[in-house]
Amino acid sequence: MSNSPVSIHKCDIEKDLRYLQLLSRLFPTIASASTEIINLEAILNLPKGTEHFLTDIHGEYEAFQHVLKNASGSIKRKVNEIFGSSLREIEKKSLCTLIYYPEEKIQLVKNVEKDIDDWYMTTLNQLVRVCQSVSSKYTRSKVRKSLPTDFSYIIQELLHETESDPNKQAYFNKIITTIISTGRADEFIVAMCNLIQRLTIDSLHIVGDIFDRGPGAHIIMDTLCDYHNVDIQWGNHDLLWMGAAAGNDSCIANVIRISMRYGNLTTLEEGYSINLLPLATFAMDTYANDPCEMFAAKQKFADKTYTEKTLRLIAQMHKAISVIQFKLEASIIRRHPEFEMDNRLLLDKVDYENGTFTYGGKTYDMLDKTFPTIDPADPYRLTEEEQELVDKLHYSFVNSEKLQKHMRCLYTYGGMYLVCNNNLLFHASIPLNADGTFKQVTIGGKQYSGKALLDKVDHIVREAYYGDDEDDRSYALDYVWYLWCGKDSPSFDKDKMATFERYFIADKQLHKEEKGCYYDLRNREDVCNQILMEFGIDDVHSHIINGHVPVKTIKGEQPIKANGKMLVIDGGFSKAYQPETGIAGYTLVFHSRALQLVQHEPFESRQKAIEEGLDIKSNTFLVEFNSQRLMVKDTDKGIELKTQVRDLKKLLAAYRFGLIKEK
């Protein structure tokens, strides 16, 4: 039956009368309700906005910012479509670099360009054409809300006029020449380039692991907190930082340990003003004569400005916090036998006199045999100095204003999973049994699986930060640490995290971490379909989008699995993974015509991108092509708008039946 006002029965309206009376406050007349219906119906027939998917960024802020600026090649594609062979390749490359880095590129041009006004004229015309193209799929209202205040009116005029119209040619050209003659060309170009970047991507999906390894997680978070439309699916590294910010001391120790391992003090000290001086003092005193060889920072990832003396201190700090971490984790494991993590209580398996480690009936010689803070009779007890250090670090984390701001951003825009336009996004895993059924995971004495498990975990993570019941919050804090490294954690899903073994035992058999059943079963289309159905997705064009486990492209592994149902887009954004993957990450772009996987080569530097126009080299693979262009009405947003249209039509009928009076 049609939803036009004349076909809506009076009894249907009476059932919804209270809601319609509230709606009438927003649309108090037939005219206003009708106008909104016309507006929404028109929006439904616009092309869907472009979605951009990234995962496992791991602090690599320069590569992240560049991929964001170029929209994984979408801007380059637009420039090629618009200008084709009318511009040389070097000119198109230069235009793209300008759009990505306008301030820096303008300065370089000024240093060499002899006729800057001519360059301004040409460039402004080119930017207007690109901006007209990327804004064409949005309503004027949405574009207007994206415009910079200073140039809003001028940009609106340029976007909706054309120099090819003989009636407006002089008008159009005069706007351009006046921008130049008033000395506002630089600022206007910057505004246009930023607008192009913003309009090229309608929504950004971060599928986990913003933190650790690379030097700029705080810079990435600054960008995300101010981004126009973003969602984040928490990864285990994000959850670790969230636990640290909430005050879990084991999470704090892990965060610091990883920072030391990769020689990355920038995020802690400069990004979040974490005071590491107490740790440095303690480490220098305690490990003064210890070479700490096994704790040397991974130098190829460390800050190249560090001196040998600084690297030596980092190694001492690294060892100090690692030992403290093993002690702190033991307290959680003992408090929660239901976590089934007794196999991570390893300090009591060490013969401190002989420097050996006994595990699984075998005895191993240890790579490091110096433990000045461990009492063999009570190896998990913190010394007074260690406890004092833990208290100081705890205070620094929970009182870091910038860290707390970024964590609130993660809570506001984040969650364990997201269902969006027939795609299911989560970082790592849905725990499964070997037969493909959903694994029952016990939390607080109750069992959860599948979607219910992720919903429960999401609730616990929020309880750890915002909870006001002391007992519930204490349990939640411990569980957030479990999510980082627990065997049934959907954000980890391995039998163990072999941190201790990697530091102290040479035998690589002990370093192995056995993945959960999910990681093999996700190659099966039937299993993926079962997971999608669990989250209410039943569509031939649906996909699961994951990160977490790097795709080893160098060994022939493929990111597209289960006949296209599963897309794993962790390809090595982090430099630490690139030797394993052979590339520098995958991203996904989902626009109105296709779903495309983009494979990136390593990003050299922001400076080279600007000075030499060196874009990230990328290969684009078509995952799925839409025979008919997807419109807003085909999306989740479209479903929401259709519901609003139905409600507004009921309101129109209520006005016409006299059940609600116009105001």
Side-chain angles (χ1 to χ4, degrees), residues 1-49 51 135 137-147 149 152 156 202-203 205 227-232 408-409 411-423 451-452 454-456 458-459 462-463 466-468 535-539 630-663:
M1 184 182 290
S2 168
N3 277 326
S4 63
V6 294
S7 65
I8 295 174
H9 294 293
K10 192 174 182 180
C11 60
D12 293 330
I13 299 167
E14 288 171 340
K15 287 188 294 184
D16 297 327
L17 198 56
R18 289 185 65 186
Y19 166 68
L20 294 174
Q21 285 170 336
L22 290 172
L23 188 61
S24 71
R25 295 180 185 179
L26 293 173
F27 306 99
T29 64
I30 288 175
S32 62
S34 299
T35 299
E36 184 65 6
I37 290 170
I38 294 166
N39 178 46
L40 295 178
E41 291 278 19
I43 291 171
L44 287 167
N45 289 281
L46 286 170
K48 80 173 282 295
E51 299 172 69
S135 66
K137 63 169 64 174
Y138 303 116
T139 63
R140 288 194 180 192
S141 173
K142 183 166 183 173
V143 173
R144 187 165 58 248
K145 291 171 185 174
S146 304
L147 298 176
T149 306
S152 178
Q156 286 182 70
D202 188 42
S203 59
H205 307 291
Y227 202 75
H228 61 274
N229 187 9
V230 65
D231 54 76
I232 301 163
R408 288 192 296 273
C409 175
Y411 279 101
T412 301
Y413 301 117
M416 285 300 296
Y417 69 92
L418 178 71
V419 174
C420 182
N421 295 330
N422 290 319
N423 292 315
K451 180 178 180 294
L454 266 63
D455 287 334
K456 178 64 177 176
D458 192 291
H459 172 77
R462 296 179 194 281
E463 182 78 29
Y466 292 112
D468 50 16
F535 286 82
I537 306 171
D538 183 15
D539 188 276
L630 291 177
M631 314 303 279
V632 172
K633 63 186 174 185
D634 303 312
T635 67
D636 293 346
K637 182 66 176 177
I639 294 170
E640 182 185 324
L641 295 182
K642 287 174 189 175
T643 301
Q644 291 176 23
V645 168
R646 285 195 295 270
D647 291 341
L648 285 164
K649 286 182 176 179
K650 284 184 181 180
L651 179 61
L652 278 184
Y655 283 138
R656 287 169 174 156
F657 282 128
L659 295 173
I660 298 176
K661 302 297 183 186
E662 290 186 83
K663 298 176 182 63

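Side-chain N or O atoms of K642 include one that pairs as donor or acceptor with a backbone N or O of K633 at under 3.5 Å. Not a single donor-acceptor pair under 3.5 Å links the side chain of D647 to the backbone N or O of Q644. Formation of a donor-acceptor pair under 3.5 Å by the S152 side chain with backbone atoms of T149 is not found in this model. With hydrogens and angles ignored, the 3.5 Å screen pairs a side-chain donor or acceptor of D458 with a backbone N or O of M416. With hydrogens and angles disregarded, a donor-acceptor distance shorter than 3.5 Å links the side chain of D636 to the backbone of N421.
Within a 6.0 Å radius of CG in D468, other residues, nucleotides and ligands contribute 12 heavy atoms or fewer. Heavy-atom contacts from other residues, nucleotides or ligands closer than 6.0 Å to NZ of K663 number more than 12. Annotation for Y413: atom OH does not count as buried by contact number, only 12 or fewer foreign heavy atoms lying within 6.0 Å. Other residues, nucleotides and ligands contribute at most 12 non-hydrogen atoms within 6.0 Å of the CG atom of D538.
The distance from atom OG of S24 to atom CG of L659, rounded to the nearest 0.5 Å, is 12.0 Å. Between the CG atom of L20 and the NZ atom of K15 there is a distance of 12.0 Å, given to the nearest 0.5 Å. If you take CD1 on I38 and CG on L648, they are separated by 11.0 Å, rounding to the nearest 0.5 Å. In this structure, NZ on K649 lies 13.5 Å from CD1 on I13, to the nearest 0.5 angstrom. Rounding to the nearest 0.5 angstrom, the gap separating the OG atom in S135 from the CD atom in Q156 is 11.0 Å. Going from atom CZ of R408 over to atom OG1 of T412 covers 8.5 Å, rounded to the nearest 0.5 Å.
Here the closest non-hydrogen pair linking V645 and E41 is CG1-OE2, 3.6 Å. Taking all atoms of both residues into account, the shortest heavy-atom contact from G49 to K137 is CA-CD, 4.0 Å. Considering all non-hydrogen atoms of both residues, M631 and P47 come closest at CE-N, 3.7 Å. When every heavy atom of Y655 is checked against every heavy atom of I660, the shortest pair comes out as CD2-O, 3.3 Å.
Looking only at side-chain heavy atoms (C-beta outward), H205 and C420 come within less than 4.5 Å of each other. In this structure, K142 and D202 have side chains that are in contact, with non-hydrogen atoms separated by less than 4.5 Å. Here the side chains of D634 and K48 are not in contact, with every heavy-atom distance at 4.5 Å or above. In this structure, the side chains of T635 and L630 stay at 4.5 Å or more apart for every pair of heavy atoms.
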How far apart are the C-alpha atoms of H459 and D455, what are their side-chain angles, what is the distance that settles it, and do they pass the side-chain contact (heavy atoms from CB on, under 4.5 Å) test?
CA-CA 6 Å; H459 172 77; D455 287 334; over 6 Å; no
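With ring centers used as reference points, Y466 lies under 6.0 Å from Y411.
Here the rule is side-chain contact (heavy atoms from CB on, under 4.5 Å) with S32, and of T35, I30, T29 only T29 fits it.
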